[in-house]
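Note that ligands are numbered from 1 as they come in the structure, with each ligand's atoms numbered from 1 the same way. Quick caveat, the model's predicted, so the values are computed rather than measured.
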Amino acid sequence: MNPKVSIVVPLYNEEQVFEKLISRLKEVVRTSAFEIEIVLVDDGSRDTTAKLIETTAESDSHFTGVVLSRNHGHQLAVSAGLSVAKGTEAVMIIDGDLQDPPELVLDFYSKLKEGYDVIYAIRKNRKESPLKKFAYWCYYRLQQKVSNIKIPLDSGDFSMISRRVADYINQMPEQSRYLRGMRSWVGFKQFGYAYNRDARATGETKYSLKKLFSLAFDGIFNFSDFPVRFITRLGIYTIVLSLVYISYILIRKFFFGDVPQGFTTLIIAICLFSGVQLISIGLIGEYVLRIYNQVRNRPLFVIDKIISKK
Ligand code: UDP
Ligand code: MG
């Protein structure tokens with residue numbers, strides 16, 4: 001019989017936390033009233049994580065192990081887990097470092113039963129350095145400001161999604177994946193569940209600064225037309241300002257005659273044409289955006305239900 005709920009856990013060099021994680025998960029499986037499957041994904045770890053996953057999956061039928069060929073990054077590791085998760089009703093996504101308490105599966109599941117398709121966790125607090133906290137705070141607000149769709153503030157990948165949302169996400173073939181955005185994109189009724197984010201159980205963050213930045217860029221560029229539109233707007237402002245300045249220079253030239261020879265032409269060439277160039281780049285950008293949207297191949301729309309009288 002297929003499990004009702006799958007829990008997907010991406011793991012990259014997490015041998016230190018593994019035992020603790022598995023015992024917490026086993027306890028969740030044991031106490032839950034419904035059938036749970038745990039999908040452990042090894043994201044090309046260089047330590048013994050893959051081996052540990054194999055042993056666990058071989059000895060306990062509640063666990064399924066997925067071992068990736070190399071390190072693909074957190075978002076792809078979760079995507080791989082989603083693609084094999086069999087949960088007929090829902091899939092929950094948690095981090096492997098126990099920052100996201102797996103016990104919440106019960107609360108999330110009861111919200112699902114109330115009719116929500118996505119239950120995403122909102123971090124009430126973070127146990128990070130003040131600088132990192134501030135950077136996250138700024139980033140989420142910037143991202144929400146420029147995004148085409150509403151991506152909730154301060155929520156990560158920790159969430160439970162219904163089977164149909166998981167199916168939609170699995171159907172999206174986009175290469176650069178920002179799951180919390182894709183999850184928002186699908187829509188339906190979504191519920192924000194506030195929780196206190198624990199500190200990492202053991203070990204260090206597996207998100208290097210480079211990976212963090214790459215995720216941040218995906219969050220902006222995959223869900224926003226703003227950067228391209230901004231160039232066009234900048235071009236328009238430049239042209240308007242340069243026209244004002246050019247008029248001023250022309251007046252000085254013809255009525256006061258105190259402008260050096262050749263200066264007027266130079267100013268017109270520089271100011272006006274930099275504006276024209278910016279607009280042109282923006283226009284090309286508009287076409288690139290359209291090509292990007294087309295090749296990304298997301299479903300055109302998501303239907304919740306069709307109502308008709310038979
Ligand atoms: N992770 C992964 N691949 C990576 C980086 C991280 O699968 O390339 C996993 C990691 O093992 C953890 C989760 O993604 O289970 C979140 O990573 P981490 O806790 O290091 O990120 P942070 O909480 O510091 O943002
Ligand atoms: Mg963590």
What protein heavy atom is closest to [atom], reported as residue, atom name and distance in Å?
atom: atom 18 (P) of ligand 1; value: R200 NH2, 3.5 Å
atom: atom 9 (C) of ligand 1; value: P10 O, 3.8 Å
atom: atom 19 (O) of ligand 1; value: D97 OD2, 2.6 Å
atom: atom 22 (P) of ligand 1; value: T205 OG1, 3.7 Å
atom: atom 14 (O) of ligand 1; value: H74 CD2, 3.1 Å
atom: atom 6 (C) of ligand 1; value: K206 CB, 3.6 Å

message: Could you check whether E37 pairs with K4 (Lys NZ or Arg NE/NH1/NH2 to Asp/Glu carboxylate O, under 4.0 Å)?
response: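 No, no charged N to carboxylate O under 4.0 Å.
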Notebook entry, point to check: Do the charged groups of R180 and D157 touch, with an N to O distance under 4.0 Å?
Noted result: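 Looking at D157 together with R180, the answer is yes, because their closest N to O distance falls below 4.0 Å.
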Nitrogen or oxygen atoms of [X] and ligand 1 under 3.5 Å apart:
X: K132; value: no
X: E14; value: yes
X: G96; value: yes

Next on the checklist: Please enumerate all residues that pass ring pair (Phe, Tyr, Trp, His ring centres under 6.0 Å) together with F34, with sequence neighbours excluded.
Outcome noted: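 For F34, the residues satisfying ring pair (Phe, Tyr, Trp, His ring centres under 6.0 Å) (neighbours in sequence not counted) are Y109.
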Aromatic ring proximity, centroids under 6.0 angstrom, F108 and F191: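 No; F108 has its ring centre 6.0 Å or more from that of F191.
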Those atoms of ligand 1 less than 4.0 Å from some heavy atom in [X]:
X: R197; value: 23 (O)
X: D43; value: 2 (C), 3 (N), 4 (C), 7 (O), 8 (O)
X: Q99; value: 19 (O), 23 (O)

Exercise for the section: Ignoring hydrogens and angles, state whether a donor on the side chain of R197 or Q99 is under 3.5 Å from an acceptor on the partner side chain. Expected result: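 Result is yes, a qualifying pair exists.
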* To do: Examine the side chains of R290 and N293 and answer whether a donor and an acceptor come within less than 3.5 Å of each other.
  =>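 No, N293 and R290 have no side-chain donor paired with an acceptor closer than 3.5 Å.
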Walk me through it: do Y207 and H74 pass the test ring-ring contact (aromatic ring centres under 6.0 Å, His included)?
CA-CA 8 Å; Y207 254 98; H74 176 221; 5.5 Å; yes
* Test side chain to side chain contact (heavy atoms under 4.5 Å, CB included) on R163 and D167 and set out the steps. => CA-CA 6 Å; R163 173 41 55 194; D167 287 343; 2.9 Å; yes
Has K189 got its NZ or CZ under 6.0 Å from the middle of the six-membered ring of Y116, at an angle within 45 degrees of the ring axis?
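Pair K189/Y116 counts as cation-pi.
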* Charged tip of R164 within 45° of F188 ring normal and under 6.0 Å ->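 Judged by the rule, R164 and F188 form a cation-pi pair.
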task: Measure from atom 17 (O) of ligand 1 to every heavy atom in F158, Y12, Y207 and give the option owning the shortest one.
output: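 Considering heavy atoms of F158, Y12, Y207, the nearest to atom 17 (O) of ligand 1 sits in Y207.
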| Given side chains that start at C-beta, do those of Y248 and R252 come closer than 4.5 Å, heavy atoms only? |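 When only atoms from C-beta onward are counted, R252 and Y248 do touch, with a gap below 4.5 Å.
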### Message
Test of understanding: given a 4.0 Å heavy-atom threshold, classify the contact between N71 and ligand 1 as side chain, backbone, both, or neither.
### Response
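Under 4.0 Å from ligand 1, N71 contributes side-chain atoms alone.
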Exercise for the section: Give the contacting part of L11 toward ligand 1: side chain, backbone, both or neither, where contact means a heavy-atom distance below 4.0 Å. Expected result: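 It is the backbone that gets close, since no side chain atom is under 4.0 Å.
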Using only N, O or S atoms, tell me which atom of D97 is closest to the Mg ion (ligand 2).
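Of the nitrogen, oxygen and sulfur atoms in D97, the Mg ion (ligand 2) lies nearest to OD2.
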Checklist entry - Applying a strict 4.0 Å limit to heavy atoms, is K211 in contact with ligand 1? => result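 Yes, that is the case, since the closest heavy atom of the residue is under 4.0 Å from the ligand.
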Checking only N/O/S atoms, does T205 have one that is under 2.8 Å from the Mg ion (ligand 2)?
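Short answer: no, not a single N, O or S atom is under the cut-off.
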